[in-house]
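These figures come from a predicted structure and were not determined experimentally. Positions are given from 1 along the sequence.
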Amino acid sequence: MKRRDSATNSRPEQSPQEQDELWNQPLAGQLKTDRSELQHVFQHASDVVFREFVIHDKGDKKDCLLIFIDGLVETDALREHALTPLLKPDPTGEDRPELEAISISQLSRAKTYGDVIEAVLAGSAALLSDGARDAIILNVRGGMRRAVEEPHTEAAIRGPREGFTENLRTNTALIRFRVKSHHLKMEPFIIGRYTRTNVVLAYIEGVVDPAVLEEVRRRLRSIKIDGVLESGYIEEMIEDETSSPFPQLQYTERPDTVASQLLEGRFAILVDGTPFVITGPITFWQMLQASEDYYERFIIGNLIRWLRFQFLLIALYTPALYIAITTYHHEMLPTTLMLSIATARESIPFPAVIEAMLMEISFEALREAGIRLPRTIGQAVSILGALVIGQAAVEAGIVSAPMVIIVALTGIASFTIPRFNFAISFRMLRFPMMILAGVFGLFGIVFGTVLLVLHLCHLRSFGVPYLSGVAPMKKREQKDIFIRVPWWRMVTRPSTYAKSNLRRMEKGMEPKPPQEGGS
């Protein structure tokens, strides 16, 4: 493509082929030409600032151009550490090269138009000067960003209060703050034809499985999409089984959770613009573990973990069992209890399965409304729905009081599952389980359970079996599935993720009181 020397906004639109040619073309070294090309690329972009100024160079004046996007850069840092020193004459009276005048810590050079455009779009500022065939890239990324706050979706009684933000560099720093090792690697990727989103693959070299790592790289490089606005885009593009209701990657807002998973040999993917970091590979049992399990005493942590397992079963099976027993298997209930339920359902015009469906759908609607509405209104809607509508529905004879108790118990049980995407999978699976119970009774529940177990056995997360530790059985992994042993007993890492370098700590770390007469 031939260079055009005039800067006009009346140029015809560039074809994609012309844009690709310009992207790889070196800078002209003539400020007028470079400004023309870049202004044409950024035409109709009112937030892109072209700041022209003149500096003194060896007794002559040299034209310079500063390009940045308003709102993406720290304007105070740009003014104080770059623009002002360049415009201010050196007190010694001698001319200085631009690099010596600029006091910004991170500088690099760009030699092509594509490098300049990409740096500006990423939030840096580009400094071009007449006669120079490369541009100075000033890392002054910043702008309006949310400060580090407590994570909203993973609150914990004990543990760090820091949560990820939308700023990628803040998030990588939060991880680096906890893992101060040169083995912690962070590989950059740029994904999205238009969004050019910065994505970072984090792992600990020597701990992560090299085969899994190479597979992650391959899947990330294979993503060809217009844009990535949230880590959910990446998650759906790289998971093993897209048609499964179960998540095969975990997302978290907590840097300590990511750090602990990196130390176990897993990888993390950070996406610029979102506070949710995805990690993998994962297993079924990991989704029932909370960070507090490892911060509280192991006995307390185990009790809470066991309660969580029980609530998982309650969340999945309680409505289906109620439907099956009250419809087909009355003999399984004590006579007194059966008579009470029959009396309560005497005026209900619907069969139990329809009644359960009405209540469960209403509950999910209230939950969804509570999330979407503003916080104050959402709380009011939840109270109104739970108390007023529930009580009114019972008095009107639309649903029975036992069904309200069943649905309320199920809803509370589902909220005890620490991972939202995992909990919602079980909430959705309740509905086919209720239909099977309404049609086939307990045989339907057994049939649904067999299908569910077969599906879970078939599922993989980057090649790791979803039920790993139990199916296939791994004796070494049992120390952190159903029972979390004390930290001084977890000498090795899970072999499910780390294939080598399994030793996590030295043996004999069990604390012991000093012996009598000893020092």
*asked:* With a 4.0 Å cut-off on N to O distance, would you call E360 and R430 a salt bridge?
replied: yes
*Who are the side-chain hydrogen bond (donor to acceptor under 3.5 Å, both in side chains) partners of E292, not counting sequence neighbours?*
none
*Are D293 and R308 close enough for a salt bridge, meaning some N to O gap below 4.0 Å?*
yes
*asked:* Less than 3.5 Å apart, any donor N or O on the side chain of T252 or E154 sitting next to an acceptor on the other?
replied: yes
*asked:* Pair Y317, T449 - check side-chain hydrogen bond (donor to acceptor under 3.5 Å, both in side chains), show working.
replied: CA-CA 10 Å; Y317 288 116; T449 303; 2.8 Å; yes
*asked:* Does the plane of the ring in Y466 sit parallel, tilted or perpendicular to the ring in F284? Use 30° and 60° as the thresholds.
replied: perpendicular
*Could you tell me which residues satisfy side-chain hydrogen bond (donor to acceptor under 3.5 Å, both in side chains) with S244, sequence neighbours excluded, listed by chain and number?*
H455
*Do the ring planes of Y294 and W487 sit parallel (below 30°), tilted (30 to 60°) or perpendicular (above 60°)?*
tilted
*Under the ring-ring contact (aromatic ring centres under 6.0 Å, His included) rule, what pairs show up with a residue in residues 183-221, not counting sequence neighbours?*
none
*Does a side-chain N-to-carboxylate-O contact under 4.0 Å join D480 and R305?*
yes
*Examine the side chains of S468 and T496 and answer whether a donor and an acceptor come within less than 3.5 Å of each other.*
yes
*Please work out whether the ring planes of F426 and F246 are parallel, tilted or perpendicular, with thresholds of 30° and 60°.*
perpendicular
_Under a plain distance cut-off of 3.5 Å, with no hydrogens placed, do S362 and E364 share a side-chain donor-acceptor pair?_
no
*With a distance cut-off below 6.0 Å to the six-membered ring centre and an angular limit of 45° from the axis, does R266 pair with Y497 as a cation-pi contact?*
yes
*asked:* Quick one: does any side-chain atom of D240 pair with a main-chain N or O of F462 as donor and acceptor, under 3.5 Å?
replied: yes
*Would you call E214-R219 a salt bridge at under 4.0 Å N-O?*
no
*asked:* Using the rule given for ring-ring contact (aromatic ring centres under 6.0 Å, His included), can you reason through F311 versus F415, listing the C-alpha separation, both sets of side-chain angles and the distance that settles it, and then say yes or no?
replied: CA-CA 9 Å; F311 281 126; F415 290 131; over 10 Å; no
